[in-house]
Amino acid sequence: SRLVAGLSKTRDNIVAGIDSIFNGFSAIDDDFYEEIEETLIMGDIGIHTTESIIQDLKAQVKERKIKEPSECKALLIDTIKKQMDLGENAYEFENRKSVVLVIGVNGVGKTTSVGKLAGQLKEKKKKVLVAAADTFRAAAIEQLTEWAVRAGVDIIAQQEGSDPAAVVYDAVSAAKARNADVLICDTAGRLHNKKNLMEELRKIHRIIDKEYPEAYKETLVVLDGTTGQNALEQARQFREVADITGIILTKLDGTAKGGIAVAIQAELGIPVKYIGIGEQMDDLQKFDPDEFVNALFH
Ligand code: GDP
């Protein structure tokens, strides 16, 4: 599958190591656990998450009186899956009149993800509108326009440098007038100026609350999976300025650091809702923890 292919580098990184541990040890001892721990941490699963996985694994091994290292593999897979929980209604916005704010720093794949999401919802017969509210970067408006054409959805945009909140105001008016199902706003994410960013997002939220109170609100942060632990740190910082409801983790196709998907959810409690595994329209997938871990341990 595309997912299995997309995760090949992460699989080579984590699973090849894990497999050699399962095959190389004849007893379940401290060294065995240490090797697994090290492999998971090297695979960007994160220190805290790894510790909790190992603890859980040890408890299971004890409880089930398992003696063979090879028998631990299935347990480990289940334990990793347990670290990820999307919660209920993760994709509720797809079924409601909704406004989706997409935030992210330059280059993470934000505009691309907005385009892919718009295209996929459109394919599901939703009436989608996108708003170019990242007015800071000149190319962002052009790029989103291209994606809107490709996706076959309408776009609301103003000139470069205009007030993002004004673009959102226009977009909300248009969404109501045109009876759109989902309005997706490509907004900026300049983390180096958190105060401004927080103000900007607050202003945008105020407009949506006032002009479109019935809309269901979703705030997705886009993170670049190739940056590993930095993506985790970025998510932490965004959490300080916005009420994040989910993560879009991009570029997993080009990286061995896909384990970061586990760390983000386990350590921050923010669900990864979509993953990017390529540059095409259908290379954005809903994140399914079972499928993800199965694809890794394929
Ligand atoms: P933005 O600045 O955050 O809006 O980033 P862009 O949407 O312009 O994306 C930056 C680059 O990353 C572009 O060349 C995209 O094609 C590429 N990109 C985005 N998502 C993915 C992905 O999931 N996989 C790969 N391989 N490339 C991606």
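Computed from a prediction, not measured in an experiment: that's the story for all the values here. Indexing begins at 1, ligand by ligand and atom by atom, following the structure's order. Any value given below was found using the heavy atoms of this structure, including those in side chains, with hydrogens, waters and symmetry copies removed.
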Per-atom contacts, ligand 1 versus [X] - under 4.0 Å to a heavy atom:
X    : result
I277 : 23 (O)
T111 : 1 (P), 4 (O), 7 (O)
V105 : 3 (O)
G276 : 23 (O)
Q143 : 6 (P), 7 (O), 8 (O)

I want to know if ligand 1 touches [X] in the polar sense, i.e. an N/O pair below 3.5 angstrom.
X    : answer
T250 : no
N106 : no
L252 : no
S113 : no
R137 : yes

Do any side-chain atoms of residues 16-31 form donor-acceptor pairs under 3.5 angstrom with protein atoms, and if so which ones, sequence neighbours left out?
{"unit_1": "D19", "atom_1": "OD1", "unit_2": "K73", "atom_2": "NZ", "d": "2.9"}
{"unit_1": "S20", "atom_1": "OG", "unit_2": "G17", "atom_2": "O", "d": "2.9"}
{"unit_1": "N23", "atom_1": "ND2", "unit_2": "D19", "atom_2": "O", "d": "3.1"}
{"unit_1": "D29", "atom_1": "OD1", "unit_2": "D31", "atom_2": "N", "d": "3.3"}
{"unit_1": "D29", "atom_1": "OD1", "unit_2": "F32", "atom_2": "N", "d": "2.9"}

Subject >> Distance in Å, T49 OG1 paired with Q83 CD, rounded so as to fall on 0.5 Å steps >> reply: 6.0 Å
Original post:
Rounded to the nearest 0.5 Å, what separation is found between the CZ atom of F238 and the CG atom of L223?
Top reply: 7.5 Å
Honestly, is [X] close enough over [Y], meaning NZ or CZ under 6.0 Å from the six-membered ring centre and within 45° of the axis?
X    : Y    : result
K217 : F93  : no
R11  : F297 : no
K97  : Y216 : no

Protein heavy atom at shortest distance from [atom]:
atom                    : result
atom 12 (O) of ligand 1 : K251 CE, 3.4 Å
atom 6 (P) of ligand 1  : T112 OG1, 3.4 Å
atom 27 (N) of ligand 1 : E279 CG, 3.4 Å
atom 24 (N) of ligand 1 : D253 OD1, 2.8 Å

So for [X], does at least one of its heavy atoms come nearer than 4.0 angstrom to any atom of ligand 1?
X    : value
A140 : no
G104 : no
D134 : no

Pair up each side-chain donor or acceptor in residues 270-279 with any protein partner under 3.5 Å, not counting sequence neighbours, and list the distances.
{"unit_1": "K273", "atom_1": "NZ", "unit_2": "A90", "atom_2": "O", "d": "3.0"}
{"unit_1": "K273", "atom_1": "NZ", "unit_2": "E218", "atom_2": "OE2", "d": "2.7"}
{"unit_1": "K273", "atom_1": "NZ", "unit_2": "T245", "atom_2": "O", "d": "3.2"}
{"unit_1": "Y274", "atom_1": "OH", "unit_2": "E94", "atom_2": "OE2", "d": "3.2"}

